[in-house]
Amino acid sequence: MATFFGEVLAVPSRAGVDDDEEAALALEREETPEDREIRRELEKKREVHVLWSSKLNASTGNFTDEQFPCSKFIMAIGHNSVAFLSSFVLNSGCWEAVGSVRLWNEWCRTSNTTSVLPTDTFCLFYKLISDPTVLLCQCNCYVAEDQQFQWLEKVFGCMREKDLQVTILSTCPVTDYKTPESTLTLPSPFLKALKTKEYKETVCCPLLEQPNIIKDLPAAVLSYCQVWQIPAVLYQCYTDVIKLDAVTIEAFKPVLSSKNLRNLVKDVSKSAEILKKLVATNEICNNIYT
Amino acid sequence: MFVPCGGSAPASFEGFTLLLPAVSVGNVGQLAVDLLISTFDMPKVGYFYTDCLVPMVGNNPYATTEVNSTELSINAEVYSLPSKKLVVLQIRSPFVKNKYRLFCQTLLSWVKSSRCAKVILLSSSHAYQRDDQQLHGTPLRYLLTPAIQKTAGDLMQRLNWKEMEKIAAYPGANDAEMVLHIPGGGITKLLFSESCSNGIPMAVLLKFCSEGDNIPDAFSLVNYLNEWLQLIRSESSDAKATLLQWKIPRSWRLLFGSGLPPALF
């Protein structure tokens, strides 16, 4: 492509398969057994492992063959969403850690511990002690494109999906939002929602307008729910702050009035304190002098 | 795999024409398919659920009312128009790395099991890779697998269409061996050659183009298709009249991003 000033730029093609991949495919055909072994090892390294603890189902310690009943699955993706659920829902002390996801990719490696800091990379599951069919997932790691489907199959594959309702909280940069005005003039952070066909409850904010789309793990979960007719809603917060930020976290507050969350919130006054502490801890961790 | 909408019994596509895009340069095939679905208001009949495509969701790209604007769409969906015996697969995202071969296999397996009469793949190829001959005349090309040659070959002659030229496998060294080369065509070549080997009646319709504003290319390709299938018959033979009858979907708004900040000026 030639620019206005006459220089020629190599523009990346929007086609999914470019000629470099075709060349790579040709090489693949000439692969030696050693190359094949290296590729297989890499694939194995990128496998997603979901580990459930025996606390999830007291009657049996083995979940590989059995599905556990799940009536509500609430999921937070990204550090601001995770901090929101930590401050406003998990703070009640009525939750118990029951599982984790172990994965590795170029961007992150998840930790195995359940006592985590906001800066850690983790994907943990909690169950509500008073109602073990309510499951919460705190996903503070990046699940790569080639791992998203595996994550879905391994997590949802363990659930008996009858009467299941899914709520997903996620954030993304406000610059991703398409609007006829400039994104600079938008009052961010703001919340937008997308829901599957089966989701009949009221939604706590305006729906995401065309031509905006959602990508990554939130899109993978919502697609799964749409295809398999599971009522699900995604609340996406558009924010201009990349790091952990109290204003962005509080933008999720309208979601507390939703059917799936309202009974899980105990003491909102305590939440403000917890949120302050969480953001402060994160700032300390980010301090280059410590 | 194909999953019908709403848990209803799967519609039969036996004898239908399957239209689908290749994710290719300028996304021309996908834009052309958008025009088809939007113009004929085709209802969604199912999803092509696969781990081979990058996930994405959004609200109904073909929304016409407040009510239907809240229907969720995913990255690969199937639409149908039984009155014209058409079934259309729209693909909205690129392939997950190293998964495009698997996608081709899954797709062709579905094509075989659904017993479509023919498959038409809408695609594009890099304009800058044309040779001296290809720089002249029409930028539109077609390809037919042996299985469809008998039924469609004559029509292509009568329409005066140009078949996609083969190029020398080793230019300059050995001009005898000629191969098909569709640079920027995504999985077009793979799907076409697999269809040839498997006796699938497939036609490829493609346009030479470059990345940029590819809306005119989409119109051009969809009109090319219309010359064959006669989906829209215009009273006059004026090409412009047919052009005006294609309906642009709502999702084509803001194709080049949000508005500019006034402070820039």
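Computed from heavy atoms alone, side chains included, the values below leave out hydrogens, waters and symmetry copies. Just so it is clear: chains get the letters A, B, ... in the order the sequence lines come, proteins before strands, and each one is counted from 1. Small disclaimer: the values here were computed from a predicted structure and weren't measured.
With chain B as the partner, the residue from A:Pro218, A:Ala144, A:Ala220, A:Pro180 showing the most heavy-atom pairs under 4.5 Å is A:Pro180. Interface remark: of the candidates A:Thr183, A:Val227, A:Leu207, A:Leu222, A:Val227 forms the most heavy-atom pairs closer than 4.5 Å to chain B. When each of A:Glu181, A:Lys215, A:Glu153, A:Glu209 is scored by its heavy-atom pairs under 4.5 Å with chain B, the top score falls to A:Glu181.
For B:Thr50, the part sitting under 4.5 Å from any heavy atom of chain A is the backbone (N, CA, C, O) and nothing else. Proximity to chain B (any heavy atom under 4.5 Å) is restricted, for A:Tyr177, to the backbone atoms N, CA, C and O. Residue contact with chain B, scored on non-hydrogen atoms closer than 4.5 Å, involves the backbone and the side chain of A:Asp146 alike. For chain A, no part of B:Asn75 is nearby; none of its heavy atoms comes within less than 4.5 Å. There is no contact between A:Leu234 and chain B, counting heavy-atom distances below 4.5 Å. Looking at B:Leu254, the atoms closer than 4.5 Å to chain A (heavy atoms on both sides) sit in the backbone and in the side chain alike. The part of A:Gln148 that comes within reach of chain B is its side chain, from C-beta onward, which places non-hydrogen atoms under 4.5 angstrom from that chain.
Listed by chain and residue number, nothing satisfies the ring pair (Phe, Tyr, Trp, His ring centres under 6.0 Å) test with B:Tyr47 (two or more places apart in sequence, or in another chain).
In summary, the aromatic rings of B:Phe40 and B:Tyr62 are positioned with their centroids too far apart to meet the 6.0 Å limit.
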Only distances under 3.5 Å count here; give the side-chain donor-acceptor pairs of residues 195-206 of chain A to other protein atoms, sequence neighbours excluded, each with its distance to 0.1 Å.
unit_1, atom_1, unit_2, atom_2, d
A:Thr196, OG1, A:Ile230, O, 3.0
A:Thr196, OG1, A:Ala232, N, 3.0
A:Lys200, NZ, A:Lys197, O, 3.0

Ignoring hydrogens and angles, write down the donor-acceptor pairs under 3.5 Å from the side chains of residues 167-175 of chain A, residues two or more places apart or on other chains.
unit_1, atom_1, unit_2, atom_2, d
A:Thr167, OG1, A:Asn260, ND2, 3.0
A:Ser170, OG, A:Gln236, OE1, 3.1

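In this structure, A:Glu106 pairs ionically with A:Arg46, as a charged nitrogen and a carboxylate oxygen lie closer than 4.0 Å. With respect to A:Arg39 and A:Glu43, a salt bridge is recorded, a charged nitrogen being found less than 4.0 Å from a carboxylate O. A salt bridge does not link A:Glu47 with A:Lys44: none of the charged nitrogens is closer than 4.0 Å to a carboxylate oxygen.
B:Tyr100 and B:Phe95 have tilted rings, their planes meeting at an angle from 30° to 60° on a 0 to 90° scale. Ring orientation note: the planes of A:Phe252 and A:Phe84 are tilted relative to one another, at an angle of 30° to 60°. Ring geometry for A:Tyr224 versus A:Phe156: interplanar angle of 30 to 60°, hence tilted.
At a heavy-atom cut-off of under 4.5 Å, chain A is reached by B:Asp51, B:Val54, B:Pro55, B:Met56, B:Val57, B:Gly58 from residues 51-58 of chain B, listed in order of number.
Contact between B:Ser123 and B:Ala22 at its shortest, heavy atoms only, is OG-CB, 3.8 Å.
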